[in-house]
2 protein chains.
Amino acid sequence: MAIVRRSEKRDAILRLIQQTDCHPSADWVYQQMKDTYPGLSLGTVYRNLKQLSELNIIRRVGVIQGQERFDRETRPHAHFICNRCGLVLDLPDQEPGQGFVQACSEQYGFVVEGHEFNLCGLCADCKKIMKLEELQS
Amino acid sequence: MAIVRRSEKRDAILRLIQQTDCHPSADWVYQQMKDTYPGLSLGTVYRNLKQLSELNIIRRVGVIQGQERFDRETRPHAHFICNRCGLVLDLPDQEPGQGFVQACSEQYGFVVEGHEFNLCGLCADCKKIMKLEELQS
DNA sequence: TTGCTTAATAAGAAAAATTACTCTTTACAA
DNA sequence: TTGTAAAGAGTAATTTTTCTTATTAAGCAA
């Protein structure tokens, strides 16, 4: 990988992500920053998010309702994702059994570098709303 | 959800996915079908893939190298994803402990409808290629 | 069966999200 | 200070979703 040079924009993007627990999207970052950095390009946000996740400084969560979401926490942990409102919540890690990774590596010859584990469903708020809608129909 | 009507295009899309184990992308499906169905629209492929996965007839795997991939197998199972070549491989299910789902549901009030579990890394072929590249540099 | 009704489906265009590319600016080492 | 390559802005291209209008599948009545 190429040398990584210091950059004001990247520092600011990272600071912003570190300060929130909302698992931001690229556009959220852009909207938050564009007043302070008027010349900021959305492409720059995307490029730096990609770079930061490749450097394992932040982490990709996955595409939720059409937008990639990111996570300041790189240590292994699971996520809950609400299918209705798009909420992302950190959960304590659900480690794949060490035996499982070992077996896959041996059987198929893989190098396993990481894992992602997401539960999907309805969050508490959306659960209530769905119940209301049922009653009304 | 709305009533689902029979449709020639959707049947053909589903048949195609059932016949392969390559975890296709929308564009792969489109490329395979466009000769047989000259008027086929890429939008139709996307709409039907979305609908089939909402009906739980196929399953979304996730975005890999910029493209969403799909899986004919809807029963719970894990995936291995190669970060270098984009290979997707089915693995036997790594069930989240029933206790884990139960605990999340109770603690946060979630309704957990499903889970996705992916191992990421290098497949056997890419492992060899990376080794070669190391030797050459 | 035949024709009518309606709502799902399709095509095509447009919008949105993301990535790639080109050219300019800038960080940093020699 | 200067040479270099990384980083940025802006634009274009790609992938995916959404919207509009026309078509068509399927239930119902005659």
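Lettering follows sequence order; numbering is per chain, from 1.
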Separation of atom NZ in B:Lys34 from atom P in C:dA10, rounded to whole Å: 19 Å
Show each protein N/O and nucleotides 26-30 of chain C N/O combination with a separation under 3.5 Å, one pair to a line.
| residue | atom | partner | partner atom | Å |
| --- | --- | --- | --- | --- |
| C:dT26 | O2 | A:Arg5 | NH2 | 3.4 |
| C:dA27 | N3 | A:Arg5 | NH1 | 3.0 |

By side-chain hydrogen bond (donor to acceptor under 3.5 Å, both in side chains) - contacts of A:Glu106 (at least two apart): A:Gln102
B:Gln51 vs C:dT9: side-chain N/O to OP1/OP2 distance below 4.0 Å: yes
For A:Glu116, all residues meeting salt bridge (charged side-chain N to carboxylate O under 4.0 Å, His left out), sequence neighbours excluded: none
Validation row, ring centre A:Phe80 to ring centre B:Phe110 under 6.0 Å: yes
When you compare the protein's N or O atoms with those of nucleotides 19-23 of chain C, which come within less than 3.5 Å of each other, and at what distance?
| residue | atom | partner | partner atom | Å |
| --- | --- | --- | --- | --- |
| C:dA20 | OP2 | A:Lys50 | NZ | 3.4 |

Phosphate contact (D:dA9 OP1 or OP2) by A:Thr44 side-chain N/O below 4.0 Å: yes
Polar side-chain atom of A:Arg10 near backbone of A:Leu52 as donor-acceptor pair, under 3.5 Å: no
Sorted by number, the residues of residues 9-24 of chain A with heavy-atom contact under 4.0 Å to DNA chain D: A:Lys9, A:Arg10
Approximate separation, where rounding is to 0.5 Å, of B:Asp27 CG and B:Gln32 CD: 10.0 Å
Separation of D:dT16 P from B:Phe70 CZ (nearest whole Å): 8 Å
Side-chain donor/acceptor of B:Glu73 to backbone N/O of B:Asp21, under 3.5 Å: no
Axis bend over the full length of the helix from C:dT1-D:dA30 to C:dA30-D:dT1, computed from five pairs that close each end, to 10 degrees: 30°
Test: B:Arg60 and B:Glu68 ion pair at under 4.0 Å: yes
Side-chain (B:Thr20) to main-chain (B:Ile17) donor-acceptor, under 3.5 angstrom: no
